[in-house]
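Notes to accompany the following structure.
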Protein chains: 2
Amino acid sequence: MLELRLVQGSLLKKVLEAIKDLVNDANFDCSSTGFSLQAMDSSHVALVALLLRSEGFEHYRCDRNISMGMNLNNMSKMLKCSGNDDIITIKADDGSDTVTFMFESPTQDKISDFEMKLMDIDSEHLGIPEAEYHAIVRMPSAEFAKICKDLASIGDTVVISVTKEGVKFSTRGDIGTANIVVRQNTTVDKPEEATIVEMNEPVSLTFALRYMNSFTKATPLSNTVTISLSSELPVVVEYKIAEMGYIRFYLAPKIEEDEDETKP
Amino acid sequence: MLELRLVQGSLLKKVLEAIKDLVNDANFDCSSTGFSLQAMDSSHVALVALLLRSEGFEHYRCDRNISMGMNLNNMSKMLKCSGNDDIITIKADDGSDTVTFMFESPTQDKISDFEMKLMDIDSEHLGIPEAEYHAIVRMPSAEFAKICKDLASIGDTVVISVTKEGVKFSTRGDIGTANIVVRQNTTVDKPEEATIVEMNEPVSLTFALRYMNSFTKATPLSNTVTISLSSELPVVVEYKIAEMGYIRFYLAPKIEEDEDETKP
DNA sequence: TTGACAGAAA
DNA sequence: TTTCTGTCAA
């Protein structure tokens with residue numbers, strides 16, 4: 001028996017908006033700790049890890065560990081039927097091959113339940129080792145989203161370089177080149193507007209903008225984003241989910257190619 | 001000679017937005033009583049009835065009863081050329097095969113007139129008997145529109161069931177099932193937010209969501225919608241048009257099929 | 001008042 | 001699928 005009651009149901013809608021373009025089907029894992037997901041994107045290049053801790057739910061009952069395979073597009077369709085202020089309850093009976101999403105309007109005048117078939121999904125749960133990163137950048141998530149979107153109109157890849165001066169995002173395309181430098185800045189009115197660069201060692205890594213722009217779908221979940229970089233390691237793009245957990249995206253850097261890669 | 005001056009011209013634009021997807025060509029009937037229309041949808045399944053009473057017009061002159069056949073798409077195109085605050089005047093000379101729409105901007109700085117050819121349309125004016133309904137539900141039109149839209153993302157048909165507890169909208173599709181229960185609620189701040197269920201007898205009827213979602217195009221015309229249900233009778237979905245009349249949609253229920261309809 | 005976003009139409 | 005428009009928020 002599983003029953004998870006989430007007062008701020010819009011959180012779950014946003015989570016699905018953030019991952020459904022990247023991953024088609026995935027197992028949600030429930031344990032007494034929380035509600036989590038780990039999945040590779042459909043082209044097996046990026047990895048998503050989601051955690052919603054049990055403490056973040058108004059009511060959390062999970063009698064035994066259970067893994068529920070869902071089609072994220074269908075799940076998202078159903079969640080879209082909830083109002084933004086609705087309370088969402090996820091229910092599953094033991095041994096059932098369905099999951100039920102219940103939506104309660106704030107006034108309790110409208111109560112909906114949506115039942116969805118579960119699927120069997122081979123899950124390869126990777127252990128992700130905690131790593132030391134050469135550089136960790138925390139910045140406003142909207143600013144990071146705009147940078148990735150802007151650069152994608154010029155080129156396909158972004159070079160993220162961290163020095164003690166700040167972070168540089170660069171790209172190059174047919175129509176020209178672009179460099180966006182963001183300096184560390186902690187003297188702001190609100191802490192979520194700060195840009196903080198923690199650097200042990202300078203790094204410069206190249207990533208596919210296509211994936212970065214998928215990751216920024218999570219922007220509505222948090223005002224800030226944390227980007228952790230080490231040479232030879234996948235970058236981690238993390239959005240904290242208030243009081244509940246996080247959504248993390250992992251993406252391996254591209255091996256830097258020669259300058260004249262465009263002239264084969 | 002016909003001359004109808006409507007100060008709130010946007011009303012007429014909204015009316016056409018509401019019916020032009022359902023009906024291609026229709027006769028507008030003018031009499032001293034008002035401006036009305038009755039037409040079957042192009043697949044002869046649903047019926048639209050519109051009434052704009054003469055009292056709702058600033059000036060209403062209709063010397064003799066006249067029926068004007070119009071292509072609603074073309075009429076809508078012309079009305080889209082009017083500003084939302086414009087005063088619209090509909091004119092037709094006796095014996096003329098055209099109708100003229102005149103638009104006056106609120107400041108009178110811009111006056112446009114659009115002339116459109118009339119068409120001959122065989123009209124089968126059905127007498128719609130006043131019926132006693134088993135149940136009449138009045139609810140916010142936006143809420144009804146969201147329910148129909150949400151359910152259409154899951155299934156093709158909706159079962160509307162009225163009991164003394166309230167109204168239930170249900171559907172079933174490939175990805176799962178959905179039930180939305182709306183309870184009677186009269187203790188709201190604004191009367192247009194109330195949901196009122198008048199029930200003489202419980203009813204449960206099935207309708208094609210495709211048509212329901214056409215009907216909800218009329219949502220901008222009214223904050224509330226009234227749904228009148230009787231077994232064996234077409235449902236009536238009515239939007240009142242402030243101070244002027246109504247637009248009503250009629251749709252026959254589907255005959256409930258067997259549970260195993262999906263296994264032919 | 002303007003821009004961004006999402007939904008609708010082509 | 002892409003574009004456009006309407007609406008919402010800043």
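Throughout, a chain's letter reflects where its sequence line sits, starting with A, and its residues are numbered from 1. Bear in mind that the values here come from a model prediction, so they are computed numbers and not experimental data.
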Are B:E104 and B:R5 ion-paired here, with the side-chain N under 4.0 Å from a carboxylate O?
-> yes
Nearest-Å distance for atom pair CD/P, residues B:E17 and C:dA9 | 8 Å
Atom NZ of B:K20 and atom P of C:dA8 are separated, to the nearest Å, by 13 Å
How close or far is atom P of C:dG3 from atom CG of A:D150, stated in whole angstroms?
-> 15 Å
Less than 3.5 Å apart, which donor and acceptor atoms pair up between the side chains of residues 148-158 of chain B and the rest of the protein, not counting sequence neighbours?
{"unit_1": "B:D150", "atom_1": "OD1", "unit_2": "B:K146", "atom_2": "NZ", "d": "3.4"}
{"unit_1": "B:D150", "atom_1": "OD2", "unit_2": "B:K146", "atom_2": "NZ", "d": "2.8"}
{"unit_1": "B:S153", "atom_1": "OG", "unit_2": "B:D150", "atom_2": "O", "d": "2.6"}

What's the NZ-C1' distance between A:K217 and C:dC5, to the nearest Å?
-> 13 Å
Whole-Å gap separating C1' (C:dA8) and CG (B:N213) | 13 Å
Quick one: B:K14 NZ to D:dT7 C1', roughly how many Å, whole number?
-> 14 Å
When you match A:K149 and B:D21 each to their closest nucleotide on DNA chain C, which lands nearer the 5' end?
-> A:K149
Within the 6.0 Å centroid threshold, strictly below: B:Y239 and B:Y246 = no
List in chain and number order the residues that pass salt bridge (Lys or Arg N to Asp or Glu O under 4.0 Å) with B:K217, two or more places apart in sequence or in another chain; answer none if no residue qualifies.
-> B:D21
Closest-nucleotide 5' rank along DNA chain C - winner of A:K146 and A:K80 = A:K146
Rounded to the nearest angstrom, tell me the gap between atom CD in A:E143 and atom C1' in C:dA4.
-> 17 Å
